[in-house]
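A, B, ... follow the sequence lines: proteins, then strands. Residue 1 opens every chain.
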2 protein chains.
Amino acid sequence: MESQTEKRPARRRDAEENRARIVAAAREVYASAGFDAPFDAIARHAGVGRATLYRNFPDRYALGAAIVEDDLGTLEALAREHGDRPDAFMALLSAIVERHTETHALVPALLRGPGEPALQALVPRVTRLLTVPLRRARTAGLVRDDLTLADVIDVLTMLAAVLADDGTGRSRERRMARALELLIHGLVPREPVHSHPSRR
Amino acid sequence: MESQTEKRPARRRDAEENRARIVAAAREVYASAGFDAPFDAIARHAGVGRATLYRNFPDRYALGAAIVEDDLGTLEALAREHGDRPDAFMALLSAIVERHTETHALVPALLRGPGEPALQALVPRVTRLLTVPLRRARTAGLVRDDLTLADVIDVLTMLAAVLADDGTGRSRERRMARALELLIHGLVPREPVHSHPSRR
DNA sequence: ATCGAAACGGACAGTAGTGTCCACTTGAGC
DNA sequence: GCTCAAGTGGACACTACTGTCCGTTTCGAT
């Protein structure tokens, strides 16, 4: 499970560059054409031959995993920054949504292709990322106390759907932000008029 | 716009039967394999040749539209039953979710294929179905007063996503119910301890 | 500058799904 | 029961995507 982490002994510089260019291209293509965009389109967009792409990533899932892995790194760093502050959970949620609007890949890629080994391997990492912050937030009363990790995963699925939808009107960013807002506060109004106005 | 509504002058009985069988098959196939299941699979599942399918429905969107139209009929009847009672909106929402778990087709079909004429034609009907009940519910304070129709559409998109996800654990029904509950009440707890406990 | 290994990308064959055509079958009116 | 238009489904040609193979190019070490 640590086979290709960090250290890859001898890699030619151009190969390394190409790999990076492919991942970047994949981010864009996945974002604009969805996760099952023609694999070939990614190669073209990256300016490499299809063979080069296949050599680096056996299939679209491996490529997705590479992207997700990057994102996970960022998110884990963020989690570390927040330590055990109870608001870490919400911060993570927002950060995930932000990366969503950017990469369009994280959760959809993780959830589709059920059982794709390359992606499935990352699930525990996502789990680990969220479990503790979720518990903290729950005991601190920042989220409802029956909120489970499975719920959170489904919430991410829902947000991803809004993102994936081509949406005839507002920008992706606005729609995502709104969707998150709706999810957090619900469709039903808060206790109408009362002391502190929820703070947001 | 009324070209093929209700009256189709002379149709052979077997043709009618086949059409019905196709729609039924499509419901099941879309439900289990998603909206872009091979068109051919539907024909096979219905026990008819592909040509027969194509003769009845030029493409998957036309077929989707037929299904959605059925569902819309049911929902419109429900809306009529509720008259202008302020809880009509929530009832509709639940009903849609129920049909979702059954058919898996309504909203996803409506929202994907952006601009497919066959489906786009139904959008106004959905709009009409929801607009008034939404307004009633809003003025009655049953939903937050900044809730727009666009929001509702996105909510339906989100619910459809949970449904579409193969979900490793709980049944579709349970997950849908839970997702709806989360959406309605939000992730954040209601005003913790206070007079009336929200009623549910 | 030279040489071998690493990496490249275009070309190729294989596969899955689409949409149409047409020889055959079947229902319904006479 | 006969007839013919309506209806059927298998076959076919077409397209898009996938994954691999191999002759050529490029890196980097000597």
Side-chain angles (χ1 to χ4, degrees), chain A residues 3-4 7-26 28-66 109 112-113 115-119, chain B residues 3-4 7-26 28-66 105 108-109 112-113 115-119:
Chain A
S3 47
Q4 54 177 20
K7 301 267 151 115
R8 190 148 344 186
R11 290 266 288 170
R12 256 166 56 173
R13 188 161 33 78
D14 55 343
E16 209 68 62
E17 262 173 42
N18 272 342
R19 201 194 123 99
R21 192 162 37 232
I22 287 170
V23 174
E28 293 176 26
V29 173
Y30 283 161
S32 65
F35 186 61
D36 30 43
F39 209 40
D40 181 25
I42 295 169
R44 231 174 311 118
H45 194 264
V48 304
R50 209 185 13 264
T52 303
L53 206 171
Y54 275 103
R55 214 172 305 108
N56 281 280
F57 306 96
D59 56 39
R60 74 178 68 256
Y61 298 104
L63 184 45
R112 288 167 76 172
E116 284 306 320
L119 289 172
Chain B
S3 48
Q4 53 177 24
K7 301 267 152 122
R8 191 148 342 185
R11 289 267 287 168
R12 252 166 59 171
R13 190 159 34 79
D14 57 341
E16 209 68 63
E17 261 173 43
N18 271 343
R19 202 193 123 99
R21 194 166 31 236
I22 288 169
V23 174
E28 294 176 25
V29 172
Y30 283 162
S32 65
F35 186 61
D36 29 43
F39 209 40
D40 181 23
I42 295 169
R44 234 175 309 120
H45 194 264
V48 304
R50 213 191 3 271
T52 302
L53 205 170
Y54 274 104
R55 214 171 307 108
N56 280 280
F57 306 97
D59 56 39
R60 72 178 68 259
Y61 298 104
L63 185 45
R112 290 167 75 173
E116 285 305 321
L119 289 172

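- Rounded to the nearest 0.5 Å, atoms CZ (A:Arg13) and CD (A:Glu16) are 11.0 Å apart.
- Within 4.0 Å of A:Asn18, counting heavy atoms only, lie sugar-phosphate atoms of the nucleic acid but no base atom.
- Nearest heavy atoms, B:Ile22 versus B:Leu53: CD1-CA, 4.0 Å.
- When heavy atoms are screened at a 4.0 angstrom cut-off, A:Arg44 is found touching no nucleic acid atom at all.
- Residues B:Arg13 and B:Phe39 each lie close to DNA chain C; by heavy-atom proximity, the contact nearer the 5' end of the strand is made by B:Phe39.
- Contacts of B:Phe39 classified as ring pair (Phe, Tyr, Trp, His ring centres under 6.0 Å), with partners at least two apart in sequence or in another chain: B:Tyr54.
- Nearest heavy atoms, A:Phe57 versus A:Ala66: CE2-CB, 3.7 Å.
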Strictly under 3.5 Å: I want the nitrogen or oxygen pairs between protein and nucleotides 12-14 of chain D, one per line.
none

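- In this structure, the helix from C:dA1-D:dT30 to C:dC30-D:dG1 shows an angle of 10° between the axis at its start and the axis at its end, each fitted on 5 base pairs and rounded to 10°.
- Checking side-chain atoms of B:Arg19 against main-chain N and O of B:Asn56 turns up no donor-acceptor pair under 3.5 Å.
- With sequence neighbours excluded, no residue forms a side chain to side chain contact (heavy atoms under 4.5 Å, CB included) with A:Ala20.
- The CG-C1' distance, from A:Asp59 to D:dC17, rounds to 14 Å in whole Å.
- Per the geometry, CG belonging to B:Leu53 stands 14 Å off C1' belonging to D:dG7, to the nearest Å.
- Note that CG of A:Asp36 is 7.5 Å distant from CG of B:Asp36, once rounded to the nearest 0.5 Å.
- When the P atom of C:dA7 is taken as reference, atom CD1 of A:Ile22 falls 12 Å away, rounded to whole Å.
- In this structure, B:Ile42 atom CD1 and C:dG19 atom P are separated by 12 Å, rounded to whole Å.
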N/O contacts under 3.5 Å, protein versus nucleotides 1-4 of chain C?
none

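- In this structure, the CD atom of A:Glu17 is 10 Å from the P atom of C:dC8, given to the nearest Å.
- Distances shown here put a side-chain N or O of A:Thr52 below 4.0 Å from the OP1 or OP2 atom of C:dG9.
- The interatomic distance linking B:Glu16 (CD) with D:dG7 (C1') rounds to 13 Å, in whole Å.
- Applying the side chain to side chain donor-acceptor pair (under 3.5 Å) rule to A:Arg21 yields the partners A:Asn18; only residues at least two apart in sequence or on another chain are considered.
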Show each protein N/O and nucleotides 21-24 of chain D N/O combination with a separation under 3.5 Å, one pair to a line.
none

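- In this structure, the CG atom of A:Asp40 is 10 Å from the P atom of C:dG10, given to the nearest Å.
- For the pair B:Arg21 CZ and D:dG7 C1', the computed distance is 13 Å after rounding to whole Å.
- Listed by chain and residue number, A:Tyr61, A:Ala62 satisfy the side chain to side chain contact (heavy atoms under 4.5 Å, CB included) test with A:Asp59 (two or more places apart in sequence, or in another chain).
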Distance-only check: which donor-acceptor pairs under 3.5 Å involve side-chain atoms of residues 41-51 of chain B, not counting sequence neighbours?
| from | atom 1 | to | atom 2 | distance (Å) |
| --- | --- | --- | --- | --- |
| B:Arg44 | NH2 | B:Asp40 | OD2 | 3.3 |
| B:His45 | NE2 | B:Glu28 | OE1 | 3.4 |
| B:Arg50 | NH1 | B:Asp40 | OD1 | 3.1 |

